[in-house]
There are 2 protein chains.
Amino acid sequence: MKKAMTVYDIAKEAGVSPSTVSRVLTGNAKVSREKAEKVRAIIKKNNFKPNAIARSLITRESRMIGVILPDITNPFFASVFLEAENYAMSLGYSLLLCNSMGKTDIESMYLRILVEKKVDGIIMAGGRVNDTKTIKEHADEVIEVMEQVPFVIVNGKMTGVDSHRVYTDEAHGIEQLVDYLYRLGHRRIGFIGGVKGITAMDIKLKAFLDSAKEYGIECKNEWIVPGSFSIESGIESMNELLSNRDLPTAVMSVNDFTALGALKAATKRGFVVPDDISITGFDDIYLTDIMTPAITTVSQNMMQIGRTAVDVVVNLANGNKVKKNQCIKTSLVIKDSCAINSSKR
Amino acid sequence: MKKAMTVYDIAKEAGVSPSTVSRVLTGNAKVSREKAEKVRAIIKKNNFKPNAIARSLITRESRMIGVILPDITNPFFASVFLEAENYAMSLGYSLLLCNSMGKTDIESMYLRILVEKKVDGIIMAGGRVNDTKTIKEHADEVIEVMEQVPFVIVNGKMTGVDSHRVYTDEAHGIEQLVDYLYRLGHRRIGFIGGVKGITAMDIKLKAFLDSAKEYGIECKNEWIVPGSFSIESGIESMNELLSNRDLPTAVMSVNDFTALGALKAATKRGFVVPDDISITGFDDIYLTDIMTPAITTVSQNMMQIGRTAVDVVVNLANGNKVKKNQCIKTSLVIKDSCAINSSKR
DNA sequence: TTGTATGCGTTATCAA
DNA sequence: TTGATAACGCATACAA
């Protein structure tokens, strides 16, 4: 590897002082036109790139934002990340992506690394911030981090942690779906997927049960089949639900992944969706469009989530005042997986 | 934000010199047991985390690897990244993820940023490294970068750039598929998706045509319908192909995304896959499993690609000798989207 | 084994 | 407007 040039090299070649080179680089102070041009020419000629590490040490900003999320192969997180990166890039920040796989110890490790690397902000989604009951040690760790680095939680909340938050109104999203299904004539609805104890599940299930009661919709206990948030879980839960003698006319899924699995399972069992049974998802990842039928779902507005999360940490990093809680609106996205209920059920 | 402590603070509190604290931190030199324990206690008590920026400046390693790829929402790249990160983490590296969206100017920008940030290595996939005909300016830029940073190209190659490469034997993968279809009795096969001028397309199309000739398989011109690498493109190309009067009995797709689209399009037109027509993909992303039918494809062994790419740059960073070209084997993954050809076609 | 002094490459401060 | 000098926080050569 070729040894990199420094401002000293440039300065010497341009016949100016290192400070002048630095001034040209940052644009933070006046430099005479001729010297500036001379310096710029030398920089260009040598393809000089300033050492961001050295710069960071003195400016105390790394121009990096850490993003901790469970799994980037999940299109929901990938889409949020993509937009976050896109916006961050426009502000001059790069993103360190940390997949925690939902494991607490990996989260802890990454939190430590990100603090050491002096990132200018941390965006965290999934894992501990998603536990309905926050574990104190997890909270303490995050609090410690928050004292050093701007921190925002996406779609989560930690008891005892007064962090900034960007979140979706998941309950409202569920209500939108229930309302939609009700209007289609559904009076018997099931709910599959999700892990109890995770807010992404608990909020939705509660909203579902509350809405069901309000609308006079029946939901038998055996129609509620938790599992996890994966496609496989959707398959398993749907299979379990469909093995009941008495079936609902529609099934809501905790997220699009489980809805994908539910669709796959139902189809395999010979059910025609939506004629025999309606299915809904949650998130509006692009995969819902490629299925036949495309899955009716609720959009979390992933782009806005990603963008807002970056906005929060960057503003905090710049010492600006930022709204503590930012709620992103959901919207119902009607596709082809729900039909008017014409069954005798 | 609380001001971070430094080794000086720790040193003072522990009653030792900063160098002793540093020695405890790095483990690079002997420290008496009692002092070491004292220092460790103070570090722990204060939750001190050394400033990686300052450390990097002197050690000349940032412990970061830059990854430039087109689009992380594509599960192929997401899976490669995930495994790369997993392995990198075990070696003490973090990953900066840069989505280029296939745009050359974004690639250039990120190349510059990664060099400035003094990453210990760059892994690049897609975009310019995938052009069948390398543009000289692109190559020059990469050559310039390679002089400063260990660099590895994933599934690509640049004319005039003597870089390290990790790649799949895509031609062989296609041959495996053709051979498989031939054995199923298919003698008339189409090929959809992909952009000419991109190696990911050109290699496969050539391999397909060569194999077809070898096996005596018919492939009419109108059965070759390029497009791009997206799901939508798969839909469009398949629709175009299926609008022919005379149809092939099987259709190969440039990748799984287009196969997904092809399946969707075929199903919508009333074709039953695989009974009416067989479809194959390429990559073996997890989405091929959730479709009904699951799509027969070729595995690129994404995990091994990610891991190997990290291995290459890390070894280069450590001054080790590394094999210039590493070919990752493909493997045929038979699922449900291909049937024995029993048609009269 | 320990401490002092120096350097990494840049920006910031201050005096000229 | 410019340059000399210090400072960022750590690791390391060298001296003790």
Side-chain angles (χ1 to χ4, degrees), chain A residues 1-40 42-43 46-64 92 113 115-120 148, chain B residues 1-40 42-43 46-63 92 113 115-120 148-149:
Chain A
M1 295 297 126
K2 211 165 66 178
K3 193 174 174 331
M5 298 190 86
T6 72
V7 284
Y8 285 90
D9 301 319
I10 300 297
K12 186 176 293 178
E13 194 169 336
V16 300
S17 75
S19 341
T20 298
V21 176
S22 174
R23 289 183 185 108
V24 171
L25 248 28
T26 62
N28 287 341
K30 305 232 163 206
V31 176
S32 73
R33 198 189 165 78
E34 54 171 348
K35 296 211 175 188
E37 274 170 12
K38 176 72 178 168
V39 168
R40 262 189 282 271
I42 304 292
I43 286 177
N46 292 285
N47 213 310
F48 167 73
K49 301 197 179 58
N51 183 328
I53 302 269
R55 172 180 290 171
S56 291
L57 191 57
I58 185 105
T59 62
R60 300 162 159 290
E61 53 177 29
S62 62
R63 291 269 139 190
M64 294 191 301
I113 290 177
V115 171
E116 291 186 356
K117 290 206 183 299
K118 291 278 175 287
V119 294
D120 296 334
Q148 307 255 98
Chain B
M1 296 298 126
K2 209 166 66 176
K3 191 173 173 332
M5 299 190 85
T6 73
V7 285
Y8 287 90
D9 301 319
I10 300 297
K12 187 176 291 177
E13 195 169 337
V16 299
S17 74
S19 29
T20 298
V21 175
S22 175
R23 289 180 186 113
V24 171
L25 247 30
T26 63
N28 287 342
K30 304 233 163 204
V31 176
S32 72
R33 198 189 165 78
E34 55 171 350
K35 296 212 174 187
E37 274 171 11
K38 177 74 178 167
V39 168
R40 263 189 281 271
I42 304 292
I43 286 177
N46 292 286
N47 214 311
F48 167 73
K49 301 197 178 58
N51 183 326
I53 302 269
R55 173 179 289 172
S56 291
L57 191 57
I58 184 139
T59 62
R60 302 166 158 287
E61 53 177 29
S62 62
R63 291 268 138 190
I113 289 177
V115 171
E116 291 185 354
K117 290 207 183 299
K118 292 280 175 284
V119 294
D120 297 333
Q148 307 255 100
V149 186

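Order of the sequence lines fixes the chain letters, A, B, ..., with proteins taken first and strands second; residue numbering starts at 1 for each chain. In this text, all values refer to a predicted model and were calculated from it rather than measured experimentally.
Legend: salt bridge (charged side-chain N to carboxylate O under 4.0 Å, His left out) pairs involving residues 2-20 of chain B, not counting sequence neighbours, sorted by first then second residue: A/E147-B/K2, B/E13-B/K45.
Across all strands shown, B/S56 has no heavy atoms under 4.0 Å from either base or sugar-phosphate atoms. Among the atoms of the strands shown, none is found under 4.0 Å from any heavy atom of B/K38. Using a 4.0 Å heavy-atom distance criterion, B/V21 is classed as making no nucleic acid contact.
For C/dT2, the OP1/OP2 oxygens have a side-chain nitrogen or oxygen of B/S32 closer than 4.0 Å.
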Contacts under 3.5 Å, N or O only, protein and nucleotides 4-7 of chain C:
{"residue": "C/dT4", "atom": "O4", "partner": "B/S19", "partner atom": "OG", "Å": "3.2"}

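Boundaries of the chain B contact region on DNA chain D are D/dG9 to D/dA13, first to last in 5' to 3' order (nucleotide atom under 4.0 Å from a heavy atom).
Not one N or O on the side chain of B/N46 forms a donor-acceptor pair closer than 3.5 Å with the backbone of B/F48.
With sequence neighbours excluded, the residues satisfying side chain to side chain contact (heavy atoms under 4.5 Å, CB included) with A/R55 are A/L25, A/P50, A/T59. A/S22 pairs by the side chain to side chain contact (heavy atoms under 4.5 Å, CB included) definition with A/T26, not counting sequence neighbours.
Separating the CG atom of A/N51 from the P atom of C/dT10 is a distance of 6 Å, rounded to the nearest angstrom. Taking atom CG of residue A/L25 and atom C1' of nucleotide C/dG9, one finds them 11 Å apart after rounding to whole Å.
Among A/R23, A/R40, A/K38, the single residue meeting the side-chain contact (heavy atoms from CB on, under 4.5 Å) criterion with A/V31 is A/R23.
An end-to-end axis angle of 40° holds for the helix from C/dT1-D/dA16 to C/dA16-D/dT1, taken from five base pairs per end and rounded to 10°.
Put simply, the side chain of A/V21 does not reach to within 4.5 Å of the side chain of A/Y8, judged on heavy atoms.
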